[in-house]
Each structure stands twice: as C-alpha cells, then as structure tokens.
Amino acid sequence: AGNCDAVLTAALGELAARYDMWWRVSYHTNVRNVAILVSKADHCMLDLLLRHQAGELQCNVPVIISNHESLRPHADRFGVPFHCIRMSAEQSS
C-alpha cells in the first residue's frame, strides 16, 4: 500500500501543479478525534452518535461539550464524557 500511496501522491501533485490546485489525501487509517459541541437541541448530536456507533463516521468522539446539562443522559448512554460550560446571559448575547 505504501508504494501505491506514493504513486497516487505523485500523480495528484503533478495534476494539481498543472491546474494550480490545492489538494490533500486523507487515509482512513488516520482516525481523528472529534468533539461534539451542542446546545439544547438533541437531534444533531444523536445523529452523529448513532452514525458513529454504526461505524459510518471514521473518528473518535472523546467528548461532548454543551452549555446546557439537559443532554448529559444521552452522552452517558453512548459512554461519551460530557462537559457543561455554563454561560451567563451577558456572554451569550
């Protein structure tokens, strides 16, 4: 695979130079850590967690951060640490 990666990188580099393009190749073996930032609505967070659980998202989810405690039970069900950072009315305006 290493040689194929080098060949692909060289070919894309030549093509990108010809057309003055910016490019990047990411391989599925490079798993990223992704924090989920959420407010009160749960639908997006739940969609991400369900997709992650099903193996559709190639990432680690080490933390969920919110400014409301209400979604902590969902994070607990998925086994993801939940951190609440409360904001004052002045900060949120």
Side-chain angles (χ1 to χ4, degrees):
N3 188 39
C4 291
D5 295 348
V7 170
L8 177 64
T9 299
L12 287 174
E14 290 174 18
L15 183 65
R18 185 179 320 147
Y19 294 102
D20 194 29
M21 297 175 3
W22 179 90
W23 65 279
R24 175 179 66 179
V25 175
S26 296
Y27 296 96
H28 72 279
T29 56
N30 300 333
V31 179
R32 303 273 184 183
N33 288 326
V34 177
I36 296 176
L37 307 178
V38 63
S39 189
K40 287 183 185 178
D42 64 359
H43 61 282
C44 291
M45 180 189 81
L46 291 173
D47 181 58
L48 289 170
L49 290 171
L50 287 168
R51 289 174 184 271
H52 180 261
Q53 186 178 56
E56 293 178 25
L57 302 178
Q58 298 299 313
C59 65
N60 297 317
V61 181
V63 66
I64 296 171
I65 302 170
S66 180
N67 58 336
H68 298 278
E69 283 287 338
S70 60
L71 298 180
R72 182 180 295 275
H74 294 302
D76 291 344
R77 271 194 290 274
F78 284 91
V80 180
F82 184 91
H83 296 279
C84 182
I85 301 172
R86 296 198 184 275
M87 297 180 63
S88 69
E90 293 171 356
Q91 290 173 315
S92 64
S93 59

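The first residue of the sequence shown is numbered 1, and numbering continues consecutively from there.
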field: Same cluster (ILVMFWY, side-chain, under 4.5 Å), Met45 and Val63
entry: no
task: Taking atom CZ of Arg51 as the centre, report whether more than 12 heavy atoms of other residues, nucleotides or ligands fall under 6.0 Å from it.
output: no
field: Closest non-hydrogen atom pair between Val34 and Cys59, with its separation
entry: CG2-CB, 3.7 Å
message: Within this structure, what is the CG-NE2 distance for the pair Leu46 and His74, rounded to the nearest 0.5 Å?
response: 5.0 Å
field: Residue pair Val80 / Leu49, side-chain heavy-atom distance below 4.5 Å
entry: yes
field: Heavy-atom pair with the smallest gap, counting every atom of Cys84 and Asn67
entry: SG-C, 3.8 Å
task: Taking the side chain as every heavy atom from C-beta outward, state whether Phe82 and Ile36 have any pair of such atoms under 4.5 Å apart.
output: no
field: Validation row: Val25, Leu12 side chains within 4.5 angstrom (heavy atoms)
entry: yes
- line: Heavy-atom nearest pair, Ser39 first then Ser66, reads O-OG, 3.5 Å
Euclidean distance, Gln58 CD relative to His52 NE2, rounded to 0.5 Å: 8.5 Å
- prompt: How many angstroms lie between CZ in Arg72 and CZ in Arg77, if you round to the nearest 0.5 Å?
  reply: 13.0 Å
statement: d(Leu48 CG, His43 NE2) to nearest 0.5 Å is 10.0 Å
- line: All heavy atoms of Pro73 vs all of Ser70, minimum pair found to be CD-O, 3.5 Å
message: Could you check whether any side-chain N or O of Glu56 sits under 3.5 Å from a backbone N or O of Gln53, counting only pairs where one atom can act as donor and the other as acceptor?
response: no
query: Any idea which heavy atoms bring Pro81 and Pro62 closest together, and the distance?
result: CD-O, 3.3 Å
message: Let me confirm one number: the CG-CG distance from Asn60 to Asn33, rounded to the nearest 0.5 Å.
response: 5.0 Å
